[in-house]
2 protein chains.
Amino acid sequence: MITEPQSAGTPVEQSDPTRARLIEAAGQVFAEHGYQAATIRDICTRAGANVAAVNYHFRDKAGLYVAVLKNSMSASGQPEPKDIAAAGGTPEASLRLMIGAMLRRMNSNVTGRTCHMRIMVHEMAQPTEAFPRVVEEIIGPNYLAMRHILSKLLDKPADHDLTRLCAHSVIGQVVHYAHAGPVIALLWPDLKMTPERLDAVAAHISEFSLQAIQHLKETHSHE
Amino acid sequence: MITEPQSAGTPVEQSDPTRARLIEAAGQVFAEHGYQAATIRDICTRAGANVAAVNYHFRDKAGLYVAVLKNSMSASGQPEPKDIAAAGGTPEASLRLMIGAMLRRMNSNVTGRTCHMRIMVHEMAQPTEAFPRVVEEIIGPNYLAMRHILSKLLDKPADHDLTRLCAHSVIGQVVHYAHAGPVIALLWPDLKMTPERLDAVAAHISEFSLQAIQHLKETHSHE
DNA sequence: GACAAATTCAAACAACTGTTTTAATCTGGT
DNA sequence: ACCAGATTAAAACAGTTGTTTGAATTTGTC
């Protein structure tokens, strides 16, 4: 991040194998062990690079970490959940799409993405200095998109308490399968997260939530 | 745990200040930094003990960790959520009570309890060898109690897929406020987790879930 | 092919980790 | 008061960590 190798005129860091390999390997290791427990020797071994390479390319471990986060934010393999949801349609359909997109994204094993979720789990347990920024830039927009959908469904402002509570109810259900994955695997051994199963879970959460929301709209309609 | 100091006839470890202080301090440090990132020097400093004390009383760091977990399991300040729920009443009332108990328990700042939750968050990010046992002994019983309640509400067996999915929907909502606490604090700064607010959140989750469950019961009644 | 910059490498640095050792101190029973 | 065992204390151990150094090597350019 800090040091910019190659002659200064390079527009993007593309033709740098070790730098890219370092980010790739670091993404895996950070996702697996978290920032603190990850060792740069482990990262460099997987990347086939020397330990001094991280100092040369990223100055230090923290620099490598933010490079991984930046890469994880920009390198979009699939569209963001908020974009999926904003593509028109009824609010009900948008909510279903968004729930499915979030669930797939958090449980997919694509390198640039599942890392993303695993790293967030570690950030939750032990926030680094990059935490507020990640929340603001990655989670914030999706949270806002979710509230806009619920705002239409509930006929309340997006920052109304009921809207926020419902947003957390939906997000809580979705995040739970990624966050408490190890626990669920022990409590419900038969649950294999195949793509079909993922769709079934998404359908359940959608039904569960839409019915609850519809009822809450009626009981809170006169406030 | 392994070594049993004091003359062998001591019934319970009560008159041991340093051992108790060690467990107390370790609970805080483990909850804050997790098992790996916690240092025994930090623990011993807070406990006012020598570093060798952990070796003497618990053999090693892992022994101290399981001692903390055991203490956290046995030392029950408040009744377990599963016991609260099992105390009769309608299934609806039981679910409300259980949601409230879980939410309060996971967000309370009592030493022996909030540690419990914080430690679990760390276990989720980086499971230790004690992880399966903690899941089985602490989470498992409450998960089962929740499924029994939902079984009555849904008129399905406790291990039916729908029952389990609903259990995870409820648990996911509850756990979310404890697990994603740092994120929520940034996304919803106005939310202060006062006891009253906690009750309001519990009421919301209860309403949200009960309505969804009632609807799911109707749509799945002929399976 | 030669030169200068960019990049890689092996080695070492200081700081910190969990653990152990050895001696000193405290404790309760006679 | 004495003594054996329980408990504490200071110091050092071996291992790992992130980081740095300085030389070797590669790379692009004239």
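All heavy atoms count here, side chains included; hydrogens, waters and symmetry mates do not. None of the values given here were measured: they were computed from a predicted structure. In what follows, chains carry the letters A, B, and so on, assigned in the order in which the sequence lines appear, proteins first and then strands, with residues in each chain numbered from 1.
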Please list, one pair per line, the donor and acceptor atoms closer than 3.5 Å that link side chains of residues 175-193 of chain A to other protein atoms, with sequence neighbours excluded.
| from | atom 1 | to | atom 2 | distance (Å) |
| --- | --- | --- | --- | --- |
| A:H179 | ND1 | B:H179 | ND1 | 3.3 |
| A:H179 | NE2 | B:H179 | NE2 | 2.8 |
| A:K192 | NZ | A:P189 | O | 3.2 |

With sequence neighbours excluded, residues passing side-chain hydrogen bond (donor to acceptor under 3.5 Å, both in side chains) with B:S209
B:Q173
Using atom CD of B:Q36 as one end and atom C1' of C:dC16 as the other, report the distance to the nearest whole Å.
13 Å
Tell me the interatomic distance from B:Y35, atom OH, to C:dT17, atom C1', rounded to whole angstroms.
12 Å
So, using side-chain hydrogen bond (donor to acceptor under 3.5 Å, both in side chains) as the criterion, who are the partners of B:E129 when residues are at least two apart?
none
For A:F30, give me all partners under ring pair (Phe, Tyr, Trp, His ring centres under 6.0 Å), at least two apart in sequence or on another chain.
A:Y35, A:Y65
Pairing residues for B:H204 by the ring pair (Phe, Tyr, Trp, His ring centres under 6.0 Å) criterion, not counting sequence neighbours
B:F208
Verify the contact: side-chain N or O of B:N55 to OP1 or OP2 of C:dT19, cut-off strictly under 4.0 Å; return yes or no.
no
Please identify each residue that fulfils side-chain hydrogen bond (donor to acceptor under 3.5 Å, both in side chains) with B:T128, with sequence neighbours left out.
B:E123
In whole angstrom, what separates A:Y56's OH from D:dG22's P?
17 Å
How does each nucleotide of nucleotides 22-29 of chain C score, in 5' to 3' order, for protein heavy atoms under 4.0 Å: base (B), sugar-phosphate only (S), or none (-)?
--------
Among residues two or more places apart or on two chains, list those pairs meeting ring pair (Phe, Tyr, Trp, His ring centres under 6.0 Å) that have a residue in residues 128-151 of chain B.
B:Y143-B:H168
Would you please name every residue forming a side-chain hydrogen bond (donor to acceptor under 3.5 Å, both in side chains) with A:E137, sequence neighbours left out?
A:R133
Give a yes or no on whether a salt bridge exists between B:E207 and B:R96, defined as a side-chain N under 4.0 angstrom from a carboxylate O.
yes
Can you find a heavy atom in the side chain of A:L103 that is under 4.5 Å from one in the side chain of A:V201?
yes
Could you check how far CG of B:L64 sits from P of C:dG18, rounded to whole Å?
11 Å
For B:K61 and C:dT20, give me the distance from atom NZ to atom C1', rounded to whole Å.
17 Å
Any A:H57 side-chain N or O less than 4.0 Å from OP1/OP2 of C:dA6:
no
Contact list (N/O, under 3.5 angstrom) for nucleotides 11-14 of chain C vs protein:
| from | atom 1 | to | atom 2 | distance (Å) |
| --- | --- | --- | --- | --- |
| C:dA12 | N6 | A:R41 | NH2 | 3.4 |

Short side-chain N/O contact from B:T39 to OP1 or OP2 of C:dC16, under 4.0 Å:
no
Could you work out, with ring pair (Phe, Tyr, Trp, His ring centres under 6.0 Å) as the rule, every residue matching A:H122, not counting sequence neighbours?
none
Gap between atoms CZ and C1', on A:R19 and D:dT26 respectively (whole Å):
19 Å
Once you round it to whole Å, what is the distance between P of D:dG18 and CD1 of A:I40?
5 Å
Students often get this wrong, so: under 4.0 angstrom with heavy atoms, is B:A38 touching a base, only sugar-phosphate, or nothing?
sugar-phosphate
Of residues 42-49 of chain B, the positions that come close to DNA chain D - non-hydrogen atoms, cut-off under 4.0 Å
none
A:Q28-A:E32 side chain donor-acceptor pair, cut-off 3.5 Å
no
To the nearest Å, how far apart are A:Y65 OH and D:dG18 C1'?
17 Å
